[in-house]
Amino acid sequence: MSLPLDILIMAAGKGTRMKSAHPKVLQKLAGRPLLGHVLATAAQLQARSAIVITGHQAESVEQAITQLAKHTPAPAQVQCVRQEPQLGTGHAVQQAVPVLADDGLAIVLSGDVPLTQATTLQALIDAAGGDKLALLTVRLPDPTGYGRIVRGTEGQVQRIVEQKDANEAERAIHEVYSGIMAVPSRLLKPWLAQLDNRNAQGEFYLTDVVAKAVQAGTSVVAHCIDDAVQVAGVNSPAQLAELERAHQLRQAQRLMEQGVRLADPARFELRDHANGQSAALVCAQDVEIDLGCIFSGHVEIGAGAQIGAYCHISNAVIGAGAVIHPFTHIDGEKLGAQVGEAALIGPFARLRPGAELGREVHIGNFVEVKNSRLAAGAKANHLAYLGDADVGERVNYGAGSITANYDGANKHRTVIEADVHVGSNCVLVAPVTIGAGGTVGAGSTITKSTPPQSLSVTRAKQLAKENWARPVKQPKA
Ligand code: UD1
Ligand code: CA
């Protein structure tokens, strides 16, 4: 019979080597705080409770936990306990004892180890069963800095020795402790009470519970995995960057397994949106993604669509067969952005929240579209702005034209009915409607609605002064 699961997450450390004003567990990997990754993994384990141990900048960490729960998966019940001051990992877990039930299995995770998979943790939980201490370990080519797993003559785990306390022979051990263990709480609690800080760092080491377990005759099992990325901790910016790349490469590989063509999996990025929306890229068949693209939040790409190099696409739906040319920026934020089937976008286009583009719409270079619907076949190919506009089918919106949608206090809508041609360099001052089939002459400022099928021009008549001479500079006397 398996015990109910209680998750402990250590997140009180300062993370000195990050050299940051922010707590280490809030540093971001794939756009999500490290702690958010750990909470999301914990959520998959169907735990009865989760206890986060906070300390250094506890308030910001606790606020971040509340924020994270709005967007990303997290265990249903997350409770925080404070560790002040921070006297080591053993001391950290001691702080959770008063709120930790006796009848469960405790799994201890670190807030700075973001990429452990739920299946790995489940295997560790199974290894602990109802009566054992299970350690997640890994063999590293370079074990420097980690606690080493010391085994006896028959291979049984005896204790963990920290790098700073280890002798030469112990430092030569390549099997290291990941910082993750599972153990029945009723066994853990008395061992915690016996910890001392007589060691090189003067800290209460959680890792000392291993020797206590051996003394007590409890079996200690090591669940050794060979995937170092899953147990890698973040202590420095270099380690953070290294893990980011490992994570991105894994996401890229998963997409390629589904058939997505990535020009270079090493130059692909999928991360949470800055507003917290979880990262998800859903691709239909035959999607091609060129170098250097960044996707954030929820993005869907239809069959056969092509994403050009260096596009940044967030919270958006791209229709089948659409072509997004290089350097295009699409961010739907909360409202979302939609690109219709077979549409052509960019290069250098910008689609903002509420951009809804129909079939075969063309948006060219340096065109910005915000909160506007463009019906099938509408085109805005050069240097233009469409904000708060409803644009009908087959409209041609000229180079340099803009909708003046903001009067300084309120936003107003512009309606451009089907088959209108707006000439170059026009200003449509909203609220205004351009009647179907009409034409607006180049350089016009339109402040009143125009009738269907009409030509509207507001510019001054062109005049020519014949034989006119430019002023000439007089030479100085
Ligand atoms: C710890 C292990 C080491 C293991 C390594 C794996 C101990 C004594 N050592 O070492 O065997 O190989 O992790 O990454 O446990 N924390 C607190 N309060 C504290 C101290 C730390 O909450 O007082 C938190 C940190 O925020 C961090 C985690 O515990 O999330 C690990 O602490 P850290 O100082 O990084 O431990 P290591 O020295 O890496
Ligand atoms: Ca660490």
Side-chain angles (χ1 to χ4, degrees), residues 7-18 20 22-27 29 33-39 42 51-58 60-62 64 80-96 108-116 133 135-140 142-150 157 159-166 170-171 173-181 183 188 191-192 195-212 220 222 224-225 228-236 239-240 243:
I7 296 175
L8 306 180
I9 303 174
M10 297 185 291
K14 184 161 181 233
T16 313
R17 284 160 63 198
M18 288 305 298
S20 168
H22 307 290
K24 177 167 73 174
V25 295
L26 299 187
Q27 301 292 333
L29 182 137
L34 296 174
L35 182 58
H37 288 274
V38 181
L39 287 167
I51 302 163
V52 182
I53 299 134
T54 61
H56 179 71
Q57 295 193 22
S60 28
V61 175
E62 287 158 14
C80 292
V81 295
R82 296 260 179 113
Q83 183 201 14
E84 276 155 356
Q86 291 88 47
L87 303 178
T89 51
H91 179 251
V93 175
Q94 281 170 355
Q95 310 313 303
V108 181
L109 307 177
S110 286
D112 63 349
V113 179
L115 298 180
T116 322
L133 167 60
L135 306 173
L136 185 62
T137 69
V138 64
R139 255 180 271 281
L140 296 180
D142 176 12
T144 310
Y146 288 91
R148 308 297 205 283
I149 304 295
V150 180
V157 176
R159 58 195 171 88
I160 296 175
V161 60
E162 292 303 309
Q163 167 86 23
K164 287 188 177 140
D165 300 285
E170 290 162 340
R171 286 187 184 185
I173 299 171
H174 285 262
E175 187 185 4
V176 304
Y177 173 54
S178 64
I180 296 173
M181 64 171 68
V183 57
L188 176 65
W191 301 336
L192 285 173
L195 295 179
D196 63 60
N197 63 355
R198 292 193 298 269
N199 52 53
Q201 302 183 79
E203 287 181 5
F204 294 87
Y205 291 162
L206 178 62
T207 43
D208 284 349
V209 301
V210 177
K212 310 280 179 210
V220 180
C224 187
I225 61 169
V229 166
Q230 285 198 51
V231 297
V234 173
N235 298 298
S236 64
Q239 283 173 345
L240 182 59
L243 268 199

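Whatever order the structure lists ligands and atoms in, that order sets their numbers, starting from 1. All heavy atoms count here, side chains included; hydrogens, waters and symmetry mates do not.
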Can you name the nearest heavy-atom pair linking Met10 to Ser110, along with the distance?
CE-OG, 3.4 Å

Nearest heavy atom to atom 28 (C) of ligand 1 wins, so pick from Gly179, Gly233, Ser110.
Ser110

Looking only at distance, does Gly147 have an N or O less than 3.5 Å from an N or O of ligand 1?
yes

Measure His56 to ligand 1 on non-hydrogen atoms and call it side chain, backbone, both or neither using the 4.0 Å cut-off.
neither

Output the list of atoms in ligand 1 that are nearer than 4.0 Å to some heavy atom of Thr89, sorted by atom number.
7 (C), 8 (C), 15 (O), 20 (C), 21 (C), 29 (O), 31 (C), 32 (O)

Looking only at heavy atoms, is any part of Ala12 under 4.0 Å from ligand 1, and if so is it the side chain, the backbone, or both, or is it neither?
both

Does the side chain of Lys164 come under 3.5 Å of the side chain of Asn199 through a donor N or O and an acceptor N or O?
no

Quick note on ligand 1: atoms under 4.0 Å from a heavy atom of Tyr146 include exactly 6 (C), 12 (O), 14 (O)

Glu203 and ligand 1 - part of the residue with a heavy-atom distance under 4.0 Å
neither

Decide yes or no for Val183 and Trp191: does some side-chain heavy atom of the first lie under 4.5 Å from some side-chain heavy atom of the second?
yes

For Ser178, take its heavy atoms, then give the atoms of ligand 1 lying under 4.0 Å from any of them.
6 (C), 14 (O)

Considering the heavy atoms of Thr207, write down every atom of ligand 1 situated less than 4.0 Å from one of them.
7 (C), 8 (C), 9 (N), 11 (O), 15 (O)

Contact check, Gln83 vs ligand 1, heavy-atom distance below 4.0 Å
yes

Checking contacts here: is it the side chain or the backbone of Leu87 that comes within 4.0 Å of ligand 1, counting heavy atoms only? Could be both or neither.
backbone

Below 4.0 Å from any atom of ligand 1, is there a heavy atom belonging to Gly111?
yes

Establish, from distance only, whether the side-chain atoms of Gln83 and His91 form a donor-acceptor pair under 3.5 Å.
yes

Short list, please: which atoms of ligand 1 are under 4.0 Å from a heavy atom of Asp112?
27 (C), 30 (O), 35 (O)

